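It should be emphasised that the depicted structure is a prediction, and the values quoted were computed from it without experimental measurement.
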Amino acid sequence: MQKPAEAIILAGGMGTRLREVIKDIPKPMAFVNGKPFLYHLMDYLHRQGIKLFVLSVGYKNEVIKEYFGDSFKAAKISYAVEDTPLGTGGAIKLAAEYITNDRFWVINGDTFVGLKLNDFYNKTTNLEISLALVEMNDFDRYGIVDTNDRSISGFKEKEYRKQGFINSGVYLMSKGFLEQNAPKKQRFSFENDVLEAKVDKVNIGFFKAKAVFIDIGIPEDYYKSQYLFSNSLNVEKLFSFDSSWTIFLDRDGVINRRLPDSYVKAIDDFEFLPGVLDAIKKLSLHFNRIIVVTNQQGLGKGLMTIDELKIVNDYMLSKVSESGGRIDGVYFCDKLKGEIPNCRKPNPDMAYMAQKDFPDIDFKRSIIFGDSVTDMEFGKNLGMKTVLIPTKEEEKSIYPTIEVDWRVKGLNQSAPLSAKL
């Protein structure tokens, strides 16, 4: 029997708990690393052979339709539109009318489960309904699912548990199962009115997986998803760049701790972020140039002098050198926001200053590490690769919408030393 290639995605959620983050759009359209969460989910499923997506939509469904249209890469898209909320069961029942084969997948549009559909299918091929269960530790947001050797034996309410398997919201089912077991009413819960109500009467199969599970229904997991769907900057990827490349580093927030609502005006204010000195040492062994480019508006405001800034930068350079690393040049801009002309990032002036001093710098063979929108725009304007190191507070507001090459949590996670070096 061929693996089903059609999937219903429940994408009608309003995202009430994400209001501070996503404003007035459907929850699955919350931006993650520059694209809607739903895009990343469909991409993952499409790469596993899904050729038809039936999107069950309701709230603000025009936002989803306008973004995706009637296709996603080589897969087709159909829309099952709820005029009024139908619950998970009613939504599945309506969407199943657009399914062309007997067996199909059902997946929550606000949840990512990193399991392989082939493994799930091969374990539960002959069953009319099966659930993917994911192992979790130290949790209280979900109820657990009890199993025996062959099927699910019960569902337990939410409470704190050290360990257990939860319903991941990924189902493999047949139209026959839905027709025989769904209530006649339009609006109902698939979990309560079908699974829990029928658990003693129907053989409900399961597939247990140790897989990544992220539910973007709460801000905490939504922020985690920024890193899940980034192109992780691992050892192999970072050191695939040869030694002719240049690293550009922002200073405050990348090398040293940024001071909230203030400026680093003296050595006592300068605190290296964890692992940065070791990271720069490792980068120094591989990359041709390491350049710091930093907006220093405190100069323009008269809160410090160029001599004071030089003392701080010299301290930074000396500590980097003592740790076995190097920084080839430090370039700063003392202009205020709004001044014209202006050397502040995202304007490329500081990069051109560095290139004048080091003519071997090729912006197309450069990478910018920064913690702000302006850093990323600076890099993009020059054709660089971009690496974002967002702060938690900043990430909650604007950073989820930025499309960058990589997202990492700190410079220390971006520069592990390859064994061959």
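Between the K93 side chain and the L86 main chain, no donor and acceptor come within less than 3.5 Å of each other.
A donor-acceptor pair shorter than 3.5 Å cannot be found between the side chains of R103 and S174. Side-chain contact check for Y160 and D138: at least one donor-acceptor pair (N or O, by modelled atom type) lies under 3.5 Å. Using modelled atom types and a 3.5 Å distance limit, the side chains of N256 and D252 yield a donor-acceptor pair. Judged purely by distance below 3.5 Å, without hydrogens or angles, the side chains of K27 and Y59 never pair a donor atom with an acceptor atom. Donor-acceptor pairing under 3.5 Å is lacking for the side chains of D70 and Y79. Side chains of N288 and D360: a donor-acceptor N/O pair is present below 3.5 angstrom, by distance only.
Note: H46 and F72 have perpendicular aromatic rings, judged against thresholds of 30 and 60 degrees for the angle between ring planes. Ring pair F68/Y39 is parallel by interplanar angle, where below 30° counts as parallel and above 60° as perpendicular. The aromatic rings of F272 and Y315 lie tilted to each other, with the angle between the two planes from 30° to 60°. In this structure, F139 and Y142 have tilted ring planes: the angle between them lies in the 30° to 60° band.
Closest non-hydrogen pair, F358 versus D328, comes out as CZ-O, 3.4 Å. The minimum heavy-atom distance between A132 and S168, with the atom names listed, is O-OG, 2.8 Å. Shown here for A95 and A80, the closest heavy-atom pair between the two residues is CA-CB, 3.7 Å.
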* List the steps and the verdict of salt bridge (charged side-chain N to carboxylate O under 4.0 Å, His left out) for R161 and D140. => CA-CA 6 Å; R161 289 183 172 85; D140 58 10; over 6 Å; no
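Both the sub-6.0 Å distance and the 45° axial angle are satisfied by K208 relative to the ring of F165.
Atom CD of E157 is surrounded by 12 or fewer heavy atoms from other residues, nucleotides or ligands within 6.0 Å. At most 12 non-hydrogen atoms from other residues, nucleotides or ligands lie less than 6.0 angstrom from CD of E66.
When each of R251, M316, M350 is tested with V330 by the rule side chain to side chain contact (heavy atoms under 4.5 Å, CB included), just one qualifies, namely M316.
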